[in-house]
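All figures in this text were calculated on a predicted structure; none of them were measured in a lab.
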Amino acid sequence: VTQNGVGDPIEASGPDGSIYAGGVEAHAVPTSTPPFLSVPQGAIVVSRSTDGGKTFGPNSSVLSDQELQGMINRGMTPSLGGIGVNPFDRPWMVVDRSTGAVYVSTTAHPQRYVAVSHDHARTWGRIEALDCDEMSPPNAHHDVTCGVFPETGGGTIAAAHGVLAAAYIAGAAPGRTCPCAVFETSTDAGAHWSRHVVFDTLPAGSSVFVAADSFHKGRYAVLLLPGHLVPGGLAGLPATRNVPQEVQVVTTRDSGANWSDPT
């Protein structure tokens, strides 16, 4: 265990040829009990290269443990303990090919967050949650409305034509039997979302991914990995575990209002 280390690397390229790279930067402290380390401090950092990756500029902090109290005050629910960075883990980065905006998302187990940079990853905007919406308009205390589509599983983001898209597994949704796969779009970097349930009645352990078409506005693909319980028993594995058994893909041409049949 190193006292200071970086993991979960992320990379993306911009329309101007920039390369963005980053990951989880953490201060790990050895402990005497499993998992034998604690990570009380950590951040997601990103830097930019304009010469094809030969050199990179300074790291900029996207999300860190310094943001925790403010996020909690806004009604968000980051995990404050457990394995991994406290609380930010498993980052994901995309660049909008139309605008050059850089988006980074990360999970706090299970709620996932996103932030945007409009100045080539030098500074970052307001942290938003995939399963929350600011009140319209936000009040002085930046209250959020959460819980209608609560995130209980992994999620990813995509961006094109000035629109941020996300997909994640929700534990509940109005009129649906969940877990559900939620697809959503935002034109204000995650402050407000337009949501659609793409799959419902999913088994536990399902995962979902999203991709945006850079050439056709409103066109997206969502890929689902349905979970499936199989016997375990191998060293280090539980007696039963969720293992995806198939891949299903659906597409939309109108930002989620209508979807193709699963393939």
Worked verdict on Tyr103 versus Val95 for side chain to side chain contact (heavy atoms under 4.5 Å, CB included): CA-CA 6 Å; Tyr103 296 90; Val95 180; over 6 Å; no

Test log, rule side chain to side chain contact (heavy atoms under 4.5 Å, CB included), inputs Ile44 and Val104: CA-CA 9 Å; Ile44 308 298; Val104 171; 3.9 Å; yes

Glu128/Arg112 under salt bridge (charged side-chain N to carboxylate O under 4.0 Å, His left out): CA gap, chis, key distance, verdict: CA-CA 9 Å; Glu128 304 291 354; Arg112 195 167 189 93; over 6 Å; no

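Ser61 approaches Ala43 most closely through the heavy-atom pair OG-CB, 4.0 Å. The two residues Ser47 and Gly57 have their closest heavy-atom pair at CB-O, 3.3 Å. The minimum heavy-atom distance linking His120 with Asp16 is given by the pair CE1-OD2, 3.5 Å. For the pair Gly227 and Pro203, the tightest heavy-atom approach, listed with the atom from each and the gap, is O-CG, 2.8 Å. For the pair Val116 and Ala189, the tightest heavy-atom approach, listed with the atom from each and the gap, is CG1-CB, 3.6 Å. Annotation for Gly190 and Ser186: closest pair N-OG, 2.8 Å, computed over non-hydrogen atoms.
Look at Asp133 and Arg195 and you find a salt bridge, because one of the NZ, NE, NH1 or NH2 atoms lies within 4.0 Å of a carboxylate O, short of that distance. Remark: Arg48 does not engage Asp119 in a salt bridge, criterion side-chain N to carboxylate O under 4.0 Å.
Looking at Arg90 and Thr106, their side chains never come closer than 4.5 Å, going by heavy atoms from C-beta outward. Ser60 has its side chain out of reach of Thr123: every pair of non-hydrogen atoms, C-beta onward, lies at least 4.5 Å apart. Annotation: side chain of Trp92 is not in contact with side chain of Thr107 (no heavy-atom distance under 4.5 Å). Contact of the Cys132 side chain with the Gln111 side chain is registered, since non-hydrogen atoms from C-beta on lie closer than 4.5 Å. Considering only heavy atoms from C-beta on, Val247 comes within 4.5 Å of Leu223 through its side chain. Residues Pro226 and Gln248 have side chains in contact (heavy-atom distance under 4.5 Å, counting atoms from C-beta outward). When side chains are defined from C-beta on, Ser105 does not count as touching Leu130, because their heavy atoms never get closer than 4.5 Å.
The structure places NE2 of His192 at 9.0 Å from OG1 of Thr187, a figure rounded to the nearest 0.5 Å. For the atom pair CE of Met71 and CG of Asp65, the computed distance is 11.5 Å after rounding to the nearest 0.5 Å. Between the CG atom in Leu63 and the CH2 atom in Trp124 there is a gap of 9.0 Å [rounded to 0.5 Å].
A side-chain donor-acceptor contact under 3.5 Å links His196 to the backbone of Gly256. Not a single donor-acceptor pair under 3.5 Å links the side chain of Glu184 to the backbone N or O of Trp193. Judged by distance alone, the side chain of Ser98 and the main-chain N or O of Gly162 form no donor-acceptor pair under 3.5 Å. A donor-acceptor contact shorter than 3.5 Å is absent between the side chain of Asp96 and the backbone of Ala159. The backbone N or O of Ser13 sits less than 3.5 Å from a side-chain atom of Arg97, completing a donor-acceptor pair. Checking side-chain atoms of Ser260 against main-chain N and O of Thr251 turns up a donor-acceptor pair under 3.5 Å.
Among pairs with a residue in residues 169-208, those fulfilling disulfide bond (SG atoms under 2.5 Å apart) read Cys178-Cys180, at least two apart in sequence or across chains.
Using cut-offs of 30° and 60° on the angle between ring planes, the pair Tyr113 and Phe88 is perpendicular.
Remark: Arg219 pairs with Asp213 by the side-chain hydrogen bond (donor to acceptor under 3.5 Å, both in side chains) rule, at least two apart or across chains. Applying the side-chain hydrogen bond (donor to acceptor under 3.5 Å, both in side chains) rule to Thr55 yields the partners Asp51; only residues at least two apart in sequence or on another chain are considered. With sequence neighbours excluded, no residue forms a ring-ring contact (aromatic ring centres under 6.0 Å, His included) with Phe149. Ser255 meets the side-chain hydrogen bond (donor to acceptor under 3.5 Å, both in side chains) test with no other residue; sequence neighbours excluded.
For Asp254 and Thr252, the side-chain atoms include at least one donor-acceptor pair closer than 3.5 Å. Side-chain polar atoms of Asp89 and His109 form a donor-acceptor pair below 3.5 angstrom.
A continuous path of ILVMFWY side-chain contacts below 4.5 Å connects Phe209 to Ile157, so both sit in one hydrophobic cluster. Clustering ILVMFWY residues whenever any of their side-chain heavy atoms sit less than 4.5 angstrom apart, transitively, puts Val197 in the very cluster that holds Leu225. Residues Met76 and Leu68 share a single hydrophobic cluster, defined by chaining ILVMFWY side chains whose heavy atoms lie under 4.5 Å apart.
At most 12 non-hydrogen atoms from other residues, nucleotides or ligands lie less than 6.0 angstrom from CZ of Arg253.
Val163 shares a hydrophobic cluster with Ile169, Phe183, Val198, Phe199, Leu202, Val208, Val210, Tyr220, Val222, Leu224, Val250, Trp259; the chain of contacts runs through ILVMFWY side chains whose heavy atoms sit under 4.5 Å apart.
Residue Val102 forms a side-chain contact (heavy atoms from CB on, under 4.5 Å) with just one option from His118, Arg122, Met93, and that option is Met93.
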